[in-house]
S.K.: 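Questions regarding the structure given below will be posed in turn.
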Number of protein chains: 2
Amino acid sequence: MTSQSVEEYLEAIYKLAEDGAPAAIPALAERLGVSSVSANEMVRRLERDGLVAYAPYKGVTLTAEGEARALNILRRHRLWERFLVDVLAMPWEEAHEAACGLEHVSSPSLIDRLERFLGGPDTCPHGHAVPTATGQIALRNGRPLSDLAEGDEAVVVQVPEEEPGVLTYLSGLGLRPGTVVVVVAIAPFEGPLTLRVGEAVLALGRNLASRILVERK
Amino acid sequence: MTSQSVEEYLEAIYKLAEDGAPAAIPALAERLGVSSVSANEMVRRLERDGLVAYAPYKGVTLTAEGEARALNILRRHRLWERFLVDVLAMPWEEAHEAACGLEHVSSPSLIDRLERFLGGPDTCPHGHAVPTATGQIALRNGRPLSDLAEGDEAVVVQVPEEEPGVLTYLSGLGLRPGTVVVVVAIAPFEGPLTLRVGEAVLALGRNLASRILVERK
DNA sequence: CTTGAATATTAGGTTTTCCTAATCATCGCA
DNA sequence: TGCGATGATTAGGAAAACCTAATATTCAAG
């Protein structure tokens, strides 16, 4: 019996930990739209239940059990997203929102059936790997778009998920998994990249570019 | 912002009221697996919020607003059930369970897309009408199986939903919407009906038979 | 018209998840 | 090394849904 709140915390902790360091409480609170006090409280509860390890001023880390749960949630989320986008033709950011609800009320049997119906997709619409029913997750190969040199051509394999605004923006630019991009120019001093995407030429901030994964063509 | 609990109450009140009289609190509590005190408390809250009218010892009735909400929930429930059974090939009673969760986390946009994908089905897998997005619900024509006479032949148009055990039982007997039945015999003193369903002959209690709707062939 | 059963309500609690305000601890930088 | 910003925790609450136990009402049937 894992409550919806608990699941959301586990998911958020997992996502935050993806950027290297353990999740900090204020960052966690921020992401969940909750006060630091509440996040602290909940983290204590998760610790008591053996789902995370918490060291004040250091951060929160998932235990093996906690990570298994988190991967399972991610599995549900990404399969639903795939369904919503591919089958129901829902726009990206709306699909993310909707999947956030559905993921907490989906039995293993339902999810397995959904996976079979979808033909066992490897990734969600943003290119993130779908964990298996047994909790394995494939690691994406590809490197940040910001690592390319001028003149390089590459194909997008992954864009960040979560932030609704970012999703709409990228979607509007046509930057989605499978898109071919050519680096036209790279501005100095951590400046933006100029890209050619199909016919269009556009500028993309370095920060966002570093969160988009590409593969050499 | 209607909470999941509130939605479940509205749904239960609607279903109970279908059998004629306003929903009694103990019946409501029973159906929701909750104490009478809790049900009473919640009904008071619903009344405060203008969703029901409550007269002690008389029962609970939905207001126009409450009924609109209930129909919307039923719409979501039945469309999801259709999806789970038709598309994911989920067995009946598992689908009912699963739909109970999904119905509370589905935005109007999601439900409209789902409906379009399913081709705008008129009924759920048990033959209950799907309310429209604007809150209309078609009334089923058909009469109780228990009203037939010996020798009558008819086609099932609706079976009771909700109780998991009943669903499995009926499903096992092959009694589902579309099934053709012939009344072989009717036992006196409110006794069981003997039916022929395809090749099989089976006995069905009068009570259950009265909750199955059929149409003359 | 009384009385027993069914129904309703009150009183007092619990758990979960959130909050604000205030205090305490720590880290990193000057 | 000392201090200010950031992070952590405590104290005290709130709202939603539940619960049990006890009491009060009302219904219906004899």
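The structure displayed is predicted, hence computed values, not measured ones. In what follows, every chain begins at residue 1, and chains take the letters A, B, ... in the order their sequences are listed.
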S.K.: So, does A:Ser38 get its side chain near the phosphate of C:dC19, meaning an N or O under 4.0 Å from OP1 or OP2?
M.R.: yes

S.K.: A:Gln4 CD to D:dA16 P: how many Å, rounded?
M.R.: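 For the pair A:Gln4 CD and D:dA16 P, the rounded distance is 17 Å.
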
S.K.: Taking CG from B:Leu46 and P from D:dC18, how many angstroms apart are they, rounded to a whole number?
M.R.: 11 Å

S.K.: Could you tell me which residues satisfy side-chain contact (heavy atoms from CB on, under 4.5 Å) with B:Thr61, sequence neighbours excluded, listed by chain and number?
M.R.: B:Pro22

S.K.: For the pair made of CZ in A:Arg45 and C1' in D:dA8, what is the distance, rounded to whole Å?
M.R.: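 Result: 17 Å.
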
S.K.: Let me know the distance between CD of B:Glu30 and P of D:dC18, rounded to the nearest Å.
M.R.: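 Rounded to whole Å, this separation is 15 Å.
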
S.K.: In this structure, how many angstroms lie between the P atom of D:dA16 and the CD atom of B:Glu7, rounded?
M.R.: 16 Å

S.K.: Will you find, in the side chains of B:Glu161 and B:His77, an N or O donor that is under 3.5 Å from an N or O acceptor?
M.R.: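 No.
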
S.K.: Would you tabulate the side-chain donor-acceptor contacts of residues 137-150 of chain A under 3.5 Å, counting partners in other chains and residues two or more places apart, or write 'none'?
M.R.:
residue  : atom : partner  : partner atom : Å
A:Arg140 : NH1  : A:Gly127 : O            : 2.7
A:Arg140 : NH1  : A:Val157 : O            : 3.3
A:Glu150 : OE2  : A:Ile186 : N            : 2.9

S.K.: For B:Trp80 and A:Trp80, take the angle between the two ring planes, folded into 0 to 90°, and tell me which bin it lands in: parallel under 30, tilted 30 to 60, perpendicular over 60.
M.R.: perpendicular

S.K.: Going by side-chain contact (heavy atoms from CB on, under 4.5 Å), name the residues that satisfy it together with A:Arg176, two or more places apart in sequence or in a different chain.
M.R.: A:Trp92, A:Ser171, A:Thr179

S.K.: When you check the phosphate oxygens OP1 and OP2 of D:dC18, does a side-chain N or O of B:Tyr9 lie under 4.0 Å from one of them?
M.R.: yes

S.K.: Can I get a per-line list of side-chain donor-acceptor pairs under 3.5 Å for residues 64-73 of chain A, giving both atom names and the distance, sequence neighbours left out?
M.R.:
residue : atom : partner : partner atom : Å
A:Glu65 : OE2  : A:Arg69 : NE           : 2.8
A:Glu65 : OE2  : A:Arg69 : NH2          : 3.0
A:Arg69 : NH1  : A:Thr2  : OG1          : 2.9
A:Asn72 : OD1  : A:Arg76 : NE           : 3.0
A:Asn72 : OD1  : A:Arg76 : NH2          : 3.1

S.K.: Just the rounded figure in Å: distance from P of D:dA15 to CE of B:Met42.
M.R.: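 Rounded to the whole Å, the gap is 15 Å.
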
S.K.: Can I get a per-line list of side-chain donor-acceptor pairs under 3.5 Å for residues 202-212 of chain A, giving both atom names and the distance, sequence neighbours left out?
M.R.:
residue  : atom : partner  : partner atom : Å
A:Arg206 : NE   : A:Gly191 : O            : 2.9
A:Arg206 : NH2  : A:Ala187 : O            : 2.8
A:Arg206 : NH2  : A:Gly191 : O            : 3.3
A:Ser210 : OG   : A:Asn207 : O            : 2.6
A:Arg211 : NH2  : A:Glu163 : OE1          : 3.1
A:Arg211 : NH2  : A:Glu163 : OE2          : 3.4

S.K.: Starting from P on D:dC18, measure out to CD on B:Glu8 and report it in whole angstrom.
M.R.: 8 Å

S.K.: Return a single string for nucleotides 4-13 of chain C, one symbol per nucleotide in 5' to 3' order, where B is base contact, S is sugar-phosphate-only contact and - is none, cutoff 4.0 angstrom on heavy atoms.
M.R.: ---BSBB---

S.K.: If the cut-off is 4.0 Å, is B:Ser35 near the phosphate of D:dC19, judged by side-chain N/O to OP1 or OP2?
M.R.: yes

S.K.: How long is the line joining CG of A:Leu28 and C1' of D:dT6, in whole Å?
M.R.: 16 Å

S.K.: When we call it a touch if two heavy atoms are under 4.0 Å apart, what does A:Ser5 touch: a base, just sugar-phosphate, or nothing?
M.R.: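 Counting heavy atoms under 4.0 Å across all strands, the contact made by A:Ser5 is with sugar-phosphate only.
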
